[in-house]
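Please read the structure below before turning to the comments.
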Amino acid sequence: MSVDFHFASEDADEHIQRIRAEVPIGQFNPASLNKLLDGIYRGRYVIIEAEPGVGKTTMLCQIAVNAALDGFVVMVVTLEIAPHQWVAKAHSLLSGGALSIRDVIAGGNDEAFAKVNEVYRKEVAPNLIFAEGPIESDDLAALVASVKRETDKPILLLVDYLQVITTHLTDERMAIKDIAYRLRKIANREDIQVIATSSLNRTSYGKTPSIGGSSGSGAIEYSADAVLHMREVKGKGEDEGAYPFRPIEVTALKNRYGQKGIIQLLFDTEHATFLER
């Protein structure tokens, strides 16, 4: 029998300690996202789902940069974009609007870039770890455990996106189910916050957000503590990208430790930033 078990009496003290430790250890940025999720907690697992192009990766980048500034070790598993593209977004975000992503890439406004780059190198980069996919779920668990042994700082694991993690299973649906539960296990076992983005089923595009929209397996949403759905809210006759700030609605479809709700943000695509609406 491979399942380990304990009588509750054996772990009573540990359980009480964990209950008393159930307090936020950090804050999300934007502030409205923090209010929705009530902060960063140890052992919690959040899914962010959306259609392509709505800003899932940029949202993770904004969370990552601000958490790194606050002293978290932020582990980023990425295959959606390359690490240097994350860094470009980070520089634009840190500039507070002074540098667009295009400026960062082309080298415009050298004085502003120098200031931002100093902040990035001193305060963000030392707390940022990139793990380029594809990566197997077992290797990811081992990597998190290894990083945890090396630091006393709180750890935040960001996966962009869940479907890029690989596993030994060949059936796609079963593989995604296995990955979802392994991420849940990492959050529980390592006592860290895990946030993963997820693609949507094409049949869910353009429809009212609901549980069951994540691509591959319902286990993605069932295993998470919170499921956030991002979508662009267009007015009548508006085209995508018609305005520099795109209105984005974030709906908490599931929130095990809080209330469901909707927040309104503005996506400043040129500066890789979500602003309060």
Side-chain angles (χ1 to χ4, degrees), residues 28-34 36-37 46-69 74 76-110 112-113 115-117 119-120 124 128 130 158-164 195-200 202 204-207 209 213 228-252 262-277:
F28 288 108
N29 183 293
S32 58
L33 178 65
N34 189 70
L36 189 64
L37 294 175
V46 176
I47 291 291
I48 301 176
E49 59 181 29
E51 297 178 23
V54 175
K56 298 188 298 295
T57 298
T58 299
M59 178 64 81
L60 281 195
C61 184
Q62 186 160 337
I63 291 170
V65 168
N66 284 282
L69 287 170
V74 183
V76 178
V77 179
T78 175
L79 191 61
E80 180 73 353
I81 64 172
H84 73 275
Q85 293 170 315
W86 270 76
V87 174
K89 286 177 179 284
H91 277 68
S92 182
L93 171 66
L94 286 167
S95 77
L99 295 169
S100 68
I101 295 179
R102 192 171 301 175
D103 291 331
V104 174
I105 295 171
N109 197 340
D110 290 342
F113 180 82
K115 290 180 180 178
V116 169
N117 191 41
V119 173
Y120 173 78
V124 177
L128 193 57
F130 287 111
L158 306 179
V159 179
D160 190 30
Y161 52 99
L162 183 147
Q163 285 84 355
V164 304
I195 306 174
T197 60
S198 174
S199 58
L200 283 178
R202 291 186 182 275
S204 299
Y205 286 10
K207 295 184 178 179
L228 306 182
H229 180 103
M230 298 173 61
R231 66 170 179 166
E232 184 171 1
V233 183
K234 302 174 187 176
K236 187 176 181 180
E238 289 182 1
D239 295 324
E240 183 176 347
Y243 302 98
F245 291 179
R246 293 163 52 191
I248 301 295
E249 184 177 270
V250 181
T251 304
I262 298 175
I263 60 173
Q264 306 289 341
L265 300 172
L266 291 173
F267 184 14
D268 180 357
T269 56
E270 290 187 4
H271 298 94
T273 306
F274 281 92
L275 305 168
E276 302 294 346
R277 187 175 175 186

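Just so it is clear, the model here is predicted, and its values are computed rather than measured.
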Distance col, row Leu200:CG vs Glu49:CD, nearest 0.5 angstrom, shows 5.0 Å

To the nearest 0.5 Å, what is the distance between NZ (Lys56) and OG (Ser198)?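 Going from NZ on Lys56 over to OG on Ser198, the span is 8.0 Å.
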
Evaluate the side-chain contact (heavy atoms from CB on, under 4.5 Å) criterion for residues Met59 and Ile248: first the C-alpha distance (whole Å), next the side-chain angles of each, then the deciding distance (0.1 Å), finally the verdict. CA-CA 11 Å; Met59 178 64 81; Ile248 301 295; over 6 Å; no

message: If we check side chain to side chain contact (heavy atoms under 4.5 Å, CB included) with Asn29, which of these qualifies: Asn66, Leu93, Ile63, Leu69?
response: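 So the option named by the test is Asn66.
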
So which of Val65, Val74, Val159, Leu158 actually passes side chain to side chain contact (heavy atoms under 4.5 Å, CB included) with Leu60?
->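 With Leu60 as partner, side chain to side chain contact (heavy atoms under 4.5 Å, CB included) holds for just one option, Leu158.
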
Work out which heavy atom in [X] is nearest to a heavy atom in [Y]; give both atom names and the distance.
X: Gln85; Y: Ile81; answer: OE1-CB, 3.2 Å
X: Leu266; Y: Pro247; answer: CD2-CA, 4.0 Å
X: Gln163; Y: Thr197; answer: OE1-O, 4.2 Å

Check whether any side-chain N or O of [X] sits under 3.5 Å from a backbone N or O of [Y] as a donor-acceptor pair, and report yes or no.
X: Glu276; Y: Pro30; answer: no
X: Thr273; Y: His271; answer: yes
X: Asp103; Y: Ser100; answer: yes

query: Taking side chain as C-beta onward, heavy atoms only, is Leu265 less than 4.5 Å from Met230?
result: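 Sidechains of Met230 and Leu265: no contact.
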
Evaluate the side-chain proximity of Gln62 to Leu33: yes if any heavy-atom separation is below 4.5 Å, no if none is.
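Leu33 vs Gln62: side chains apart.
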
Trace of the side-chain contact (heavy atoms from CB on, under 4.5 Å) decision for Phe274 with Ile263: CA-CA 12 Å; Phe274 281 92; Ile263 60 173; over 6 Å; no

Listed partners of Val116 passing side-chain contact (heavy atoms from CB on, under 4.5 Å), at least two apart: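 Applying side-chain contact (heavy atoms from CB on, under 4.5 Å) to Val116 gives His91, Leu94, Ser95, Leu99.
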
With sequence neighbours left out, the residues meeting side-chain contact (heavy atoms from CB on, under 4.5 Å) with Glu249 are Arg231, Val233, Thr251, Ile262, Gln264

side-chain contact (heavy atoms from CB on, under 4.5 Å) assessment of Ile195 paired with Phe28: CA-CA 12 Å; Ile195 306 174; Phe28 288 108; 3.5 Å; yes

side-chain contact (heavy atoms from CB on, under 4.5 Å) between Tyr161 and Ile48, intermediate numbers included:
CA-CA 9 Å; Tyr161 52 99; Ile48 301 176; over 6 Å; no

